[in-house]
Each structure stands twice: as structure tokens, then as C-alpha cells.
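Only one structure is covered here, and it is reproduced in the block below.
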Amino acid sequence: MSTYNFDYLDELEAEAIHILREVAGQFEKPALLFSGGKDSITLVRLAEKAFRPGKFPFPLVHIDTGHNFEETITYRDQMIERIGERLIVGSVQESINQGKVIEQTGKNASRNALQTVTLLDTIAKHQFDACIGGARRDEEKARAKERIFSVRDEFGQWDPKRQRPELWNIYNGKIHKGENVRVFPISNWTELDVWNYIRREKIELPSIYFSHEREVITRNGQLMAASPFLNMDAEDIIFRKQVRFRTVGDMSCTAAVESEATLIDDIISEISESKISERGARLDDKVSEAAMEDRKKGGYF
């Protein structure tokens, strides 16, 4: 009798594929939120395993702040061409132009928080009843509270006190009209799990995840990529540094880390020794102790 040996990555993959198929089975108009970061790229690979040789039963949706890393947008467009799936782009700049949100001012201004309005408008416009995302419980304490199927009310708001039990891998996607569900297939993964999976699957990533020399400034104790999107003044001294990015978001709130890691094995070793989570390089999480939870209650992913 033949035997099958499953390692922990096989188990995590099987769980994620099961969740993606549950979404396809339970919802009429789901979508996969794609940021161009490693977690959403991993979700695309999992979706390929779940649904190929057929087409995905959902489009990819990118909420574009207009302040993205150029490498991320290039990767996104090349990936969409390669996999042949539909991409919907929600523009924060359009939300600003329409007067729906007001651009922040000041030295630490960022468009990251403005994404919520654009996301909710995109959900309403296309009538999505479920949005799949790459959030993980190990990233941040508010995300650790959230269920895999996270119900949002008709205003896109999340109530951490009103969550559904998820016993024996049974997910309840029943919602009322106007509500939607945020779904997190890799919620139980860690940053290290994602990188080990990327290595195993030989998944290509945007180059900013690997060490490269870049012009940076120091702001709030963090290394920020020098760009036109930062409100710089005479105190901001531009210098060159060997860095990489552990997480990818708006350029105005995503910090780099010093690194010589040019290979995935190097990155895995680096993460294994790190005592700081990847969200430690996101300035938007440092606004307050409950910054992420407050944004999620308002409709943020």
C-alpha cells in the first residue's frame, strides 16, 4: 500500500484551497483583492491550484493609491498578462478628484487610509458579496482577532464582538443584502510559512523584496524610500543604502529594512532571526495602539 507524506505546507495549502472553493461555492460575486505584495501573490498561486484549468470564479481587484512602488505595478501588469485573468482597478486619485476623500497634508501625509472609501465604492459598484485577501493573524493583533470568514455590515464595518464560530472548518457565508464577507485563506500562515511556500513553489516576486541599493531618508526612525510622494523638507537628507522591503504598501507609509538578502534562503534566515514583525515597518500602524482595528471597523481590509 502506498503512503502519502504531507508536510505542514501541504496542510496549509490544502486548507487555503478548501477556503477558496468554499468562497466559490457560497457566494455569487466574489473578488480577490490584489496588492502586488507577497501574500496576495501567494493567493493567486493557490487560486491556480484550486481552479485550473478553468478560469478563476472571481476577478482580481487592486485598490490603487497612485503612490505605489513602480516595481509592484510592473509586476501586477505582467502577472495579469501571464495568467489571463480579469483585473479591476479602484483609484484613490479618482476618489480625491470626486471629493469623496480629502488628501492628507503635513510631513507624514499618506494615502493609505484613504483606500477604505475607494474599496467600499468598488465593492458597491461591482456588487461584490465576498472579498478575498491575504491578511494573516501573525501580522497584527487586530488581524489576530478576525475570523477566516469575517462578516461586514452594509456600511463595510467590522464588529469584533459579533463574529461567527468556525468549528470543524465549517464556514458560514450567509449574509443579508448589502453585507459582504472578507475572507482570509492564509489567516493561519506566518510570514515564514509564506516565504517557505514561495521557495517551494518557485514563485517570482517584485524585486523590492530582495536587497538592492536605493535612495532613502530616515523618518521616525525608519528608512523610507525617497520619492515624490514623500513630503520632504531641508531636514530630510537623501542617502543610498542597501535595503529590501518586508511588506509592500503605499510608498508614503512603507519603510525598508537594511538587508544584504538577495536570495530567498537569505530572507528566510533573516526572518527567522528577526524579533520585529513585518508590520513593524508600516508607519500607518503606529498612529495609535488600535490603529489597525480602528481602520478595520471603518471598512479597511
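When reading the values below, keep in mind they use all heavy atoms of this one structure, side chains included, and skip hydrogens, waters and symmetry mates. Sequential numbering from 1 along the given sequence is applied to the chain's residues.
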In terms of side-chain heavy atoms, does Gln93 have a donor or acceptor partner in Arg111 at a distance below 3.5 Å?
->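 Distance-only check passes for Gln93 and Arg111.
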Between Ser259 and Glu270: side-chain donor-acceptor atoms closer than 3.5 Å |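 Yes, Glu270 and Ser259 have a side-chain donor paired with an acceptor closer than 3.5 Å.
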Could I get the full list of ring pair (Phe, Tyr, Trp, His ring centres under 6.0 Å) partners for [X], not counting sequence neighbours?
{"X": "His67", "result": "Phe229"}
{"X": "Tyr75", "result": "none"}
{"X": "His212", "result": "none"}

Only counting residues at least two apart or in another chain, list the ones meeting side-chain contact (heavy atoms from CB on, under 4.5 Å) with [X].
{"X": "Glu273", "result": "none"}
{"X": "Arg200", "result": "Asp7, Leu9, Asp10, Glu13, Lys49, Tyr197"}
{"X": "Leu263", "result": "Asp266"}
{"X": "Ala124", "result": "none"}

Give me the ring orientation class for His126 and Phe128: parallel if the planes are under 30° apart, tilted from 30 to 60°, perpendicular past 60°.
->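 Plane angle under 30°, so parallel.
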Glu85: salt bridge (Lys or Arg N to Asp or Glu O under 4.0 Å) partners, not counting sequence neighbours =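 If we apply the salt bridge (Lys or Arg N to Asp or Glu O under 4.0 Å) test to Glu85, skipping adjacent residues, the hits are Arg52.
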Sequence neighbours excluded, which residues qualify as side chain to side chain donor-acceptor pair (under 3.5 Å) partners of Arg199?
->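 By the side chain to side chain donor-acceptor pair (under 3.5 Å) rule, Arg199 matches Asn196, Asp265.
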Neighbour count above 12 (heavy atom, 6.0 Å) for Glu70 CD |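 Not more than 12 within 6.0 Å, no.
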Other cluster members, Phe239 - Ile/Leu/Val/Met/Phe/Trp/Tyr, side-chain contacts below 4.5 Å |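 Its cluster mates, by chain and number, are Val216, Leu223, Val243.
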Connected-component partners of Ile73 among ILVMFWY, side-chain separation under 4.5 Å =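 Result for Ile73 is none, singleton.
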Check: residues 27-37 side-chain donor-acceptor pairs under 3.5 Å, at least two apart:
{"from": "Lys29", "atom 1": "NZ", "to": "Gln127", "atom 2": "OE1", "distance (Å)": "3.3"}
{"from": "Ser35", "atom 1": "OG", "to": "Gly37", "atom 2": "N", "distance (Å)": "3.1"}
{"from": "Ser35", "atom 1": "OG", "to": "Ser40", "atom 2": "OG", "distance (Å)": "3.4"}

Keeping the roles fixed (side chain from Gln26, backbone from Asn172), state whether a donor-acceptor pair exists under 3.5 Å.
->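 Judged by distance alone, no pair lies under 3.5 Å.
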